[in-house]
Amino acid sequence: GVGVGILINGSKSIIAAIDGRMLDKPGMIAFWAAIASIVTKEILFQYTLKRGKEINSDAVIANGWHHRSDAFSSIGTALGIGGAIFLGESWRILDPIAGVLVSFFIMKVAIDLGLPSVKELLESSLDSEVVEEIESIITNHPEVQLYHHLKTRKIGSIYAIDVHIKLDRNLTFVRSHDVASEIERELKGRFGK
């Protein structure tokens, strides 16, 4: 929504400048605010990304990348405002042009960060590479004859795996339980928790 709003406002200003209207000169406070935002958001990005990896939280990592996108947006904003301030009246169009470019960046980052979060909230299946690895662990057990009904999903940072395995009908109940426990331990050893 913010990206669309910036796009609309920037486009209106560009059209006004093309029509010959003089755009307002941005203030120095806007320039210094953009510089401060670049520094602050980059520091927040570094800290949040590190912390998100430490606790294995996709939501915290996504928030870190949100800080990085803010820093990049602020770079574009600082360049546009700086050009509009320091290069004179005829260059004031740089501010809304930078705004339009930044709006596309904001919308792209929003989609890139939003889709994985939506998938996680909807508990969609794990990536195909992870599913293949799970299948490999199951089929590599010497006593598994067949598996079916494999269902996977991600809940926060935890993987949920549900599968039916077929074993030799002559195995005892205790041994069948042990095989299932062995596979479960191997999956937990590989994917945690």
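Computed from heavy atoms alone, side chains included, the values below leave out hydrogens, waters and symmetry copies. The shown structure was predicted, so the numbers you read here are calculated from the model rather than taken from an experiment.
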> Does the side-chain contact (heavy atoms from CB on, under 4.5 Å) test come out yes or no for Phe191 and Leu126, once each step is laid out?
Replying inline: CA-CA 12 Å; Phe191 300 109; Leu126 299 174; over 6 Å; no
>> With side-chain contact (heavy atoms from CB on, under 4.5 Å) as the criterion, how do Tyr159 and Leu187 come out once you've worked through the C-alpha distance, each side chain's angles and the decisive distance to 0.1 Å?
In response: CA-CA 10 Å; Tyr159 290 174; Leu187 289 169; over 6 Å; no
> How far does OG1 of Thr77 sit from CZ of Phe72, to the nearest 0.5 angstrom?
Replying inline: 13.0 Å
> Which residue pairs satisfy the side chain to side chain donor-acceptor pair (under 3.5 Å) criterion with at least one member in residues 25-37, sequence neighbours excluded?
Replying inline: Ser37-Ser74
>> Among residues at least two apart in sequence or on other chains, which ones pass salt bridge (Lys or Arg N to Asp or Glu O under 4.0 Å) with Glu132?
In response: none
>> Quick check: closest heavy atoms across Ala78 and Ile35, and the distance to 0.1 Å?
In response: CB-CD1, 4.0 Å
> Does any pair with a residue in residues 134-146 pass side chain to side chain donor-acceptor pair (under 3.5 Å), and if so which ones, sequence neighbours excluded?
Replying inline: Glu135-Tyr147, Ser136-Asn140, His141-Glu182, Glu143-Arg175
> In terms of hydrophobic clustering (I, L, V, M, F, W, Y; side-chain heavy atoms under 4.5 Å; direct or indirect links), are Leu171 and Val163 co-clustered?
Replying inline: yes
> Are Met28 and Ile81 grouped together when hydrophobic residues (ILVMFWY) are joined by side-chain heavy atoms under 4.5 angstrom apart?
Replying inline: yes
> Under the ring pair (Phe, Tyr, Trp, His ring centres under 6.0 Å) test, which residues partner His164, sequence neighbours left out?
Replying inline: His148, His149
>> Would you say Ile6 ends up clustered with Ile75 if hydrophobic residues are merged whenever their side chains have heavy atoms under 4.5 Å apart, either directly or through other cluster members?
In response: no
>> Using only atom types and a distance under 3.5 Å, with no angle test, would you say the side chain of Asp19 pairs donor to acceptor with the backbone of Arg21?
In response: no
> Can you name the closest pair of heavy atoms from Gly52 and Val60 and give their distance?
Replying inline: CA-CG1, 3.5 Å
> Going from CG on Leu167 to OG1 on Thr172, what distance comes out if it is rounded to the nearest 0.5 angstrom?
Replying inline: 10.5 Å
> Honestly curious: do Ile29 and Leu79 fall in one hydrophobic cluster under the side-chain, below-4.5 Å linking rule?
Replying inline: no
Just list the side-chain donor-acceptor pairs under 3.5 Å for residues 85-110, sequence neighbours left out, or say none.
{"from": "Arg92", "atom 1": "NH1", "to": "Leu23", "atom 2": "O", "distance (Å)": "2.9"}
{"from": "Ser103", "atom 1": "OG", "to": "Val100", "atom 2": "O", "distance (Å)": "2.5"}
{"from": "Lys108", "atom 1": "NZ", "to": "Asp112", "atom 2": "OD2", "distance (Å)": "2.4"}

Report all side-chain donor-acceptor pairs from residues 41-51 shorter than 3.5 Å, counting only partners two or more places apart or in another chain.
{"from": "Lys41", "atom 1": "NZ", "to": "Asp70", "atom 2": "OD2", "distance (Å)": "3.3"}
{"from": "Glu42", "atom 1": "OE1", "to": "Arg68", "atom 2": "NE", "distance (Å)": "2.9"}
{"from": "Glu42", "atom 1": "OE1", "to": "Arg68", "atom 2": "NH2", "distance (Å)": "3.4"}
{"from": "Glu42", "atom 1": "OE2", "to": "Gln46", "atom 2": "NE2", "distance (Å)": "2.8"}
{"from": "Glu42", "atom 1": "OE2", "to": "Arg68", "atom 2": "NH2", "distance (Å)": "2.7"}
{"from": "Thr48", "atom 1": "OG1", "to": "Leu44", "atom 2": "O", "distance (Å)": "2.7"}
{"from": "Arg51", "atom 1": "NH1", "to": "Glu54", "atom 2": "OE1", "distance (Å)": "3.1"}

> Below 4.5 Å, heavy atoms only, C-beta onward: do Val179 and Ile165 meet side chain to side chain?
Replying inline: yes
>> Check this for me: Leu146, atom CG, are more than 12 non-hydrogen atoms of other residues, nucleotides or ligands nearer than 6.0 Å?
In response: yes
>> Walk me through whether Arg190 and Glu186 qualify under salt bridge (charged side-chain N to carboxylate O under 4.0 Å, His left out).
In response: CA-CA 6 Å; Arg190 172 61 186 94; Glu186 192 168 349; over 6 Å; no
>> Nearest 0.5 Å, please: how far is CD1 in Ile138 from CD in Glu184?
In response: 11.5 Å
